[in-house]
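The chains referred to below are lettered A, B, ... by the order of the sequence lines, with proteins before strands, and numbering in each begins at 1.
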2 protein chains.
Amino acid sequence: MTETVKTEGFDLLGFLPYLLNQAAEESSLTFQKLYKDRYGLLRTEWRVLFHLGMFGEMTATDIGSRAKIHKTKISRAVHSLAKRRYLKRTPSDTDRRVEWLVLTPAGEAVYRDLRDTAQAYEAKLLQGFSDADVAHLKRVLARLGGVGESNHVTEA
Amino acid sequence: MTETVKTEGFDLLGFLPYLLNQAAEESSLTFQKLYKDRYGLLRTEWRVLFHLGMFGEMTATDIGSRAKIHKTKISRAVHSLAKRRYLKRTPSDTDRRVEWLVLTPAGEAVYRDLRDTAQAYEAKLLQGFSDADVAHLKRVLARLGGVGESNHVTEA
DNA sequence: GCTTGTTAGTTACAAAAACAACTATTACCA
DNA sequence: TGGTAATAGTTGTTTTTGTAACTAACAAGC
């Protein structure tokens, strides 16, 4: 077939959600290999681990609120991470529904390793772009994704 | 808990794959409601439909190569779209392994409706950003995601 | 104190995706 | 030719996710 595009003013290849997905998938897939091959972690597990590594002790709800991950996914990731002894769960003594989550030394070690790997990977991903480009990109993405807003995930 | 971040120079909230994912998920989820509620389409089905709408007749492999979707997902999406009479499959007469896929008039109608909706949605998403911001963002994303390279999906 | 509503987190079931193995056909090449 | 490798596409099975419904605990108003 020829390369003729038979649309009327619409360009899928310039459609933002499409571009976002392609870029996100590309970077996710590459990075996924790292935490999966090295530690057998799932995407959500990695995300929970990173949040705990970054922010220290949090509750499951805190993590979900920050990362906009649904609570059932958090619940399963926490369960799995606890089973591997990467984190410790401590019931709150002011509210018995709540559990505080902290990384164990083993979890910390995994976090540090993956964090360093992540940084190296990001550097590679961004080589060829200027600092201004990168700063601009990140600012726009943060705004599009609502990062930092700490909104709660809408219930099912 | 307090807002103290106890990391050494790493910022998850500025980590590119994280930002990409947050932004992509945000826009995907919002747009998903549209094609799901209106036509009961799955994500991959929508993507296949759009590619056929954009580029006209293609094979399943063409689509997978362009959109970097795995062939099993394409296969099932094509099956489902054909069952709904949104596309027609025609065996190639030069290579009996190959099938040409084209949208039916019904499929075209769905495509046009969703395309217009997509444009409106994108406009809303981008309101508040300057034209220069948008152009810059799209250029960087296209490069990050390798859009336009037409690479084949790595086999399982 | 009771009733009603809300929140934290889990569990069970259904939908979708990932992964692997397969058929059929074509391409390559000695 | 004939044999091996590669390609198009499908199917079956396993994981992972999405969704809903649930338990337990707390909060607020009366």
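- Ring orientation note: the planes of His136(B) and His136(A) are nearly perpendicular, at an angle over 60° on the 30°/60° scale.
- Although no hydrogens or angles enter the test, the distance criterion places no donor-acceptor pair under 3.5 Å between the side chain of Ser65(A) and the main chain of Thr61(A).
- The main-chain N or O of Ala109(A) is never found under 3.5 Å from a side-chain atom of Asp113(A) such that the two would form a donor-acceptor pair.
- Between Thr61(A) and dG9(C) there is a side-chain N or O to OP1 or OP2 distance below 4.0 Å.
- Atom pair Arg43(A):CZ and dT16(D):P shows a separation of 14 Å (rounding to whole Å applied).
- Side-chain contact, Thr59(B) with Asp62(B): a donor N or O sits under 3.5 Å from an acceptor N or O.
- Surrounding CZ of Arg85(B) are at most 12 heavy atoms belonging to other residues, nucleotides or ligands under 6.0 Å away.
- We find that CG of Leu42(A) is positioned 12 Å from P of dA18(C), with the value rounded to whole Å.
- Across the protein-nucleic acid pair, Trp100(A) atom CH2 and dG9(C) atom C1' stand 15 Å apart, rounded to whole Å.
- Spacing between atom NZ of Lys73(B) and atom P of dT14(D) amounts to 20 Å, rounded to whole angstrom units.
- Of the residues in residues 76-97 of chain B, those with a non-hydrogen atom less than 4.0 angstrom from any atom of DNA chain C are Arg76(B), Asp95(B), Arg96(B), Arg97(B).
- Ile74(A) comes within 4.0 angstrom of nothing in the nucleic acid, heavy atoms only.
- Rounded to a whole Å, the CD1 atom of Ile69(A) is 11 Å from the P atom of dG18(D).
- dA24(D) atom C1' lies 13 Å from atom CD of Glu99(A), rounded to whole Å.
- Between Leu144(B) and Ser27(A), every side-chain heavy-atom pair lies at or beyond the 4.5 Å cut-off.
- Between the side chains of Thr72(B) and Arg76(B), no donor-acceptor pair of N or O atoms lies under 3.5 Å.
- The NZ atom of Lys71(A) sits 14 Å away from the P atom of dC22(D) (whole-angstrom rounding).
- Seen from the ring of Phe129(A), Arg143(B) counts as a face-on cation partner, given the 6.0 Å and 45° thresholds.
- In this model, the phosphate group of dG18(D) is not approached by any side-chain N or O of Thr72(A) to a distance below 4.0 Å at OP1 or OP2.
- Which of dT19(D), dT17(D), dG9(D) sits closest to the side chain of His70(A) comes down to dT19(D).
- Here Ser75(A) does not reach the OP1 or OP2 of dG9(C): none of its side-chain N or O atoms lies under 4.0 Å away.
- Using cut-offs of 30° and 60° for the angle between ring planes, the Phe31(B) and Phe15(A) rings count as perpendicular.
- Residues from residues 28-38 of chain A placing a heavy atom under 4.0 Å of any atom in DNA chain C, listed by number, are Lys36(A).
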